[in-house]
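What you see is a predicted model, and the numbers here were worked out from it, not measured in a lab.
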Amino acid sequence: MNVKRNFVLAVFSLALMVLVGQTLANHNTGDRFDHRDWGRGQRIILRFNDLHLRGTNVLHLKQEIRHQHPGLRMRGMRVTQVNLVAKSKHGRGQARLIVDGYETYSEIVNGNPYDFHNMDPFTFDKIGFRNPNPSRMGRGPLQIKLQGNIIVRKVVLKVMRGGMGPGPGPRPRPIMSFETIGSEKFSKFTDERRSFSVNRSHVMALKLIGSRSDVFVSRAIVVLDDGTHRPILDFEGRIDRGEQRVFNLGSGRFPVGVRRVVITATSTDPIGSRGQLSLEVGTFH
């Protein structure tokens with residue numbers, strides 16, 4: 001009788017060990033990316049390890065893909081949906097998705113002060129974004145812009161390939177050169193609005209450079225030749241002395257005509273020199 005009971009216990013223990021091993025294996029490989037089956041689409045999981053952010057911040061998803069999935073070839077990839085897992089302290093956080101110069105409306109990041117420092121999964125909100133530019137991934141930014149007191153756990157991208165099999169070899173890339181348009185200083189105490197007259201017809205990118213002292217940009221707009229006003233979210237926020245920011249126009253593929261760029265900003269250093277911003281335009285040749 002004891003032999004039979006010991007045998008049953010041994011079989012049960014072995015089955016339990018196999019089940020636990022499979023569970024751990026599935027947990028450990030859940031973030032791995034399967035490059036083989038593109039027909040059903042794939043998920044790319046970017047973990048931010050409960051990153052705590054305050055104010056205005058940007059998650060640079062392309063850079064995170066290269067860092068967390070270095071073997072992944074992004075050329076020809078099409079992002080269909082982006083899910084943000086995060087929470088805000090008072091339920092007033094905001095997030096929006098930016099893809100190649102196109103952006104979604106802001107979405108609320110829910111949360112409350114009582115659960116803010118509780119890292120259980122149920123305390124996090126899930127915000128889903130549809131790609132506002134559902135073509136292949138271009139050279140422009142793939143970002144999530146955040147505003148508020150927010151903790152970010154992860155971002156999940158649902159992606160597909162635009163075609164199957166190896167594509168043609170890369171074409172030679174043209175060289176981009178930048179031309180300085182001008183520089184403007186900004187007040188230390190109140191927002192000042194400065195306009196940079198560009199009047200160029202084949203602009204591919206804009207570059208903003210901080211100098212002398214730090215500056216906080218509250219709004220940046222580019223006015224195109226057809227009169228369209230486009231916000232430049234990449235230029236907004238704190239710009240440190242010596243920092244450079246580049247904004248790609250036309251999804252990084254086609255040049256556009258630019259009349260002017262309007263920057264509203266203030267210098268953040270109350271003691272030193274006033275902050276200064278310089279604008280450059282990039283063209284291919």
Checking Glu192 side chain against Ser187 main chain: does a donor-acceptor pair fall under 3.5 Å? yes
From Leu277 atom CG to Ile239 atom CD1, the distance as rounded to the nearest 0.5 Å: 5.0 Å
Could you walk me through whether Leu53 and Val152 satisfy the side-chain contact (heavy atoms from CB on, under 4.5 Å) test, starting with their C-alpha distance in whole Å, then the side-chain angles of each, then the deciding distance to 0.1 Å, before giving a yes or no? CA-CA 8 Å; Leu53 301 171; Val152 179; 4.3 Å; yes
Using every non-hydrogen atom in the two residues, find where Ser218 and Asp191 come nearest and quote the distance to one decimal. OG-OD2, 3.1 Å
Point-to-point distance, once rounded to the nearest 0.5 Å, from CD of Gln244 to CZ of Phe178: 8.5 Å
Nearest 0.5 Å, please: how far is CZ in Arg96 from CG in Leu84? 14.0 Å
Asn149 and its side-chain hydrogen bond (donor to acceptor under 3.5 Å, both in side chains) partner, picked from Lys89, His52, His90: His52
Is the backbone of Asp225 close enough, under 3.5 Å, to the side chain of Arg259 for a donor and an acceptor to pair up by distance? yes
With distance as the sole criterion, is a donor-acceptor pair present between the side chains of Thr56 and Lys145 under 3.5 Å? no
Where is the tightest heavy-atom contact between Phe186 and Ser267, given as atom of each residue plus distance? O-OG, 2.6 Å
Separation between CG (Leu146) and OG (Ser106), nearest 0.5 Å, reads 10.0 Å
Non-hydrogen atoms of Val198 and Arg200 that approach each other most closely: O-NH1, 2.6 Å
What distance separates Asn57 CG from Ile150 CD1, expressed to the nearest 0.5 Å? 8.0 Å
So, Glu184 side chain and Ser195 main chain: donor-acceptor pair closer than 3.5 Å or not? no
Measure from the side-chain N and O atoms of His69 to the backbone N and O of Glu64, and report whether any donor-acceptor pair falls under 3.5 Å. no
Looking only at heavy atoms, the pair that brings Phe235 and Ala220 closest together is CB-CB, 3.8 Å
Of the non-hydrogen atoms in Lys158 and Arg43, which two are nearest, and what is the gap between them? CG-CG, 4.4 Å
Carboxylate-amine/guanidinium contact Asp125 Lys87, below 4.0 Å: no
Quick one: does Ser88's side chain have a donor or acceptor within less than 3.5 Å of a partner on Val109's backbone? yes
Shortest non-hydrogen contact from Val217 to Ala265? CA-CB, 3.9 Å
Could you go step by step and tell me if Gln42 and Ile44 meet the side-chain contact (heavy atoms from CB on, under 4.5 Å) rule? CA-CA 7 Å; Gln42 296 286 333; Ile44 303 175; 5.9 Å; no
Can you tell me how far the CD1 atom of Ile151 sits from the CG atom of Asn118, to the nearest 0.5 Å? 10.0 Å
Can you tell me if Arg245 uses its side chain to pair, donor with acceptor, with the backbone of Asp234 under 3.5 Å? yes
Would the distance check show the side chain of Arg66 and the main-chain N or O of Leu72 forming a donor-acceptor pair, the cut-off being under 3.5 Å? no
Is a side-chain donor or acceptor of Asp269 paired with a backbone partner of Ile271 at a separation under 3.5 angstrom? yes
Asp214 side chain to Arg241 main-chain N or O, any donor-acceptor pair under 3.5 Å? yes
Check whether Asn112 reaches the backbone of Asp115 with its side chain - one donor and one acceptor, N or O, closer than 3.5 Å. yes
